[in-house]
Amino acid sequence: MHDIKAIRDNPDAFDTGLARRGLPPMAGELLKIDSERRDHLQKLQDAQARRNAASKDIGEAMKQGDKARAESLKAEMGTIKDFIASGEAVERDLNQKIEAALAVIPNIPLDDVPDGKDETGNIEVRRWGERPRFEYEARQHFDIGEWLGLMDFEAAAKIAGARFVVMRGQLARMERALAQFMLDLQTGSNGYTEHYVPFMVNDAAVFGTNQLPKFAEDLFRTTDGRWLIPTAEVSLTNLVRESIVEEKNLPMRLTAYTPCFRAEAGAAGRDTRGMIRQHQFSKVELVSITTPEQSREELERMTGCAESVLQKLGLHYRVMRLCTGDMGFGSRMTYDLEVWLPGQNAFREISSCSVCGDFQARRMDARYKPADGKGTRFVHTLNGSGLAVGRTMVAILENYQNADGSVTIPEALRPYMGGADKITRP
RNA sequence: GGAAGGGUGGCCGAGUGGUUUAAGGCACACGCCUGGAACGCGUGCAUACGUGAAAGCGUAUCGAGGGUUCGAAUCCCUCCUCUUCCGCCA
């Protein structure tokens, strides 16, 4: 959510930022409503001031037993009262109009975000590791999983429908092992505090992290009006909603392992086979709450924390700085980690780390008290995957596949797999 | 699900229609005191919006939203939420 005052102070900068997102200028229209609102507010407040003064006089008159004076003052209040009643309604209306307009405008990219229309405009920042070589044409993860008899899309379709999976045996265990491994790494070495959070949340939470009002069709809604979280970012970030934290507690670094539920409304026909795009998947999420001064550097740190998972698992990947056209709604800058998938012969997104500035903090009213100086400031928020568990499993199956159909378990994961070094057909 | 009782500033807590301009306390900040501290004393200390160069001024906010009234923290209605007891339950 943008600050209308900032737009007022610098409408051109705002429109320039929107243009980088491929959007038309909006400052003029917003400021028109804003000035209408302020003009009206001034009149309303004058009327309220007169009412308050008169009420005081009436109280005084009553106290002195001057009934006649009190009655005449009351009579004078009639028209002001009407004006205030209708004026308050108008003010609410204008406020809502501005709020509604602001709520669907995306965040402004930072200066060092490259301009671009779509993912072809993204810039590769660095690359880690090397592609594994195969003597044969590398198989895709679903072929490997199904051959092993441990990955079953038909069973999932029978009980749930398309875009679900059933895993058995060592693959089911690997899901659990990866989660444990990632959480241990993020909490042990990377300084994040583990959380257990609700998987169903209310409107306010989903508004706070930008999924509402614009992206409701991407979410699942419960019969009692709640939402299934599409990412733990929602639950974790909203922990600071409507609160004021002490600066000494910043940065806050939060992590949680949760399922994520996505309707994938606009994804018909994309990644229909396999585990890449599911209605349900799990993820270890990273969230940082920082001061405005810390947030840019925290993005680099967070990205590094996500990368550390891939490095320990020995998975080849590249880091992409997303261009303006490929960035999410609330982001000011995003790094995607793309892991190499030999079966697809392509890099695929496995983590996305974004800094949102005060964009979400405004929506949530999340502030901090500076250590020196008075008042409060909005916090900055960041979120990133550390990592998506399902896609990590896909990457392991494809990168560690063997000619005989078995899959070698990366060394770092073996302690979590009961010491096993290989997944074989049972 | 049933019954009862709560929700007031960063925190605790008083306040049943009109100097409440939200008492008092804690915490915090500054000053005095001290060799330095504690104690004590004094002063300050909510948020948002509007206006203004600033000081300031105005308005709103006592869980949320409506209503009654010249005037609502206070009375009425609806909702949210917490606590306790009962019932059910992993």
Which whole-number value in Å describes the distance from A/Arg367 CZ to B/A46 P? 14 Å
Gap between atoms CD and P, on A/Glu91 and B/A48 respectively (whole Å): 17 Å
Considering only atom P, compute the distance from B/G13 to B/G31 and round it to an integer number of Å. 33 Å
So A/Lys5, base contact, sugar-phosphate only, or nothing? Heavy-atom distance under 4.0 Å. sugar-phosphate
Between the side chains of A/Arg163 and A/Glu264, is the shortest nitrogen-to-carboxylate-oxygen separation below 4.0 Å, so that they form an ion pair? no
What pairs of residues pass the salt bridge (charged side-chain N to carboxylate O under 4.0 Å, His left out) test when at least one of them lies in residues 204-225 of chain A, not counting sequence neighbours? A/Asp203-A/Arg221, A/Asp224-A/Arg226
Tell me, yes or no, whether the heavy-atom count around A/Glu411 atom CD, taken from other residues, nucleotides or ligands under 6.0 Å, exceeds 12. no
Given the C1' atoms of B/G35 and B/A29, what is the spacing between them in whole Å? 24 Å
Round to the nearest Å and state the distance from A/Asp224 atom CG to B/U81 atom P. 10 Å
For B/U74 and B/G67, measure between their P atoms and round to the nearest Å. 14 Å
Check the phosphate of B/U51 against A/Arg38, side-chain N and O only, distance under 4.0 Å to OP1 or OP2. Yes or no? yes
Regarding A/Tyr317 and A/Gln311, do their side chains bring together a donor and an acceptor under 3.5 Å, going by distance alone? yes
Rounded distance in Å - CZ (A/Phe378) to P (B/U47): 13 Å
Nearest-Å distance once atom C1' is located in both B/U34 and B/U51: 47 Å
Decide whether A/Gln360 and A/Thr237 meet the rule of one side-chain donor and one side-chain acceptor closer than 3.5 Å. no
For RNA chain B, what dot-bracket results from Watson-Crick or G-U pairs at under 3.5 Å, with [ ] for crossers and | for inter-strand partners? ((((((((.[[[..)..(.....]]].(((((.......))))).((((((....)))))).[[[[[..)....]]]]])))))))....
If you measure from the P atom in B/A55 to the same atom in B/U43, how many Å do you get, rounded? 23 Å
Atom pair distance, as rounded to whole Å: CD in A/Glu242 and C1' in B/G9: 16 Å
Parallel, tilted or perpendicular, as decided by the 30° and 60° cut-offs, for the rings of A/His279 and A/Phe164: tilted
Quantified in whole Å, what is the C1' atom distance between nucleotide B/C28 and nucleotide B/C80? 32 Å
Tell me: CG of A/Asp203 to P of B/C80, nearest whole Å? 13 Å
Is A/Arg8 touching bases, backbone alone, or none of the nucleic acid, heavy atoms closer than 4.0 Å? sugar-phosphate
Which whole number of Å gives the distance between the C1' atom of B/U69 and that of B/C30? 45 Å
The contact string for nucleotides 52-72 of chain B, one letter per nucleotide 5' to 3', using protein heavy atoms under 4.0 Å with B, S and - for base, sugar-phosphate only and none, comes out as ------BBS-----S---BS-
Determine the interatomic distance between P on B/A53 and the same-named atom on B/U47; round to the nearest Å. 23 Å
In terms of heavy-atom contacts, A/Arg321 and A/Pro114 come closest through CD-CD, 3.7 Å
Which of parallel (below 30°), tilted (30 to 60°) and perpendicular (above 60°) describes A/His2 and A/Phe359? perpendicular
Any donor-acceptor pair under 3.5 Å from A/His141 side chain to A/Met275 backbone: yes
Nearest 0.5 Å, what's the CE-CD distance between A/Met182 and A/Glu285? 12.0 Å
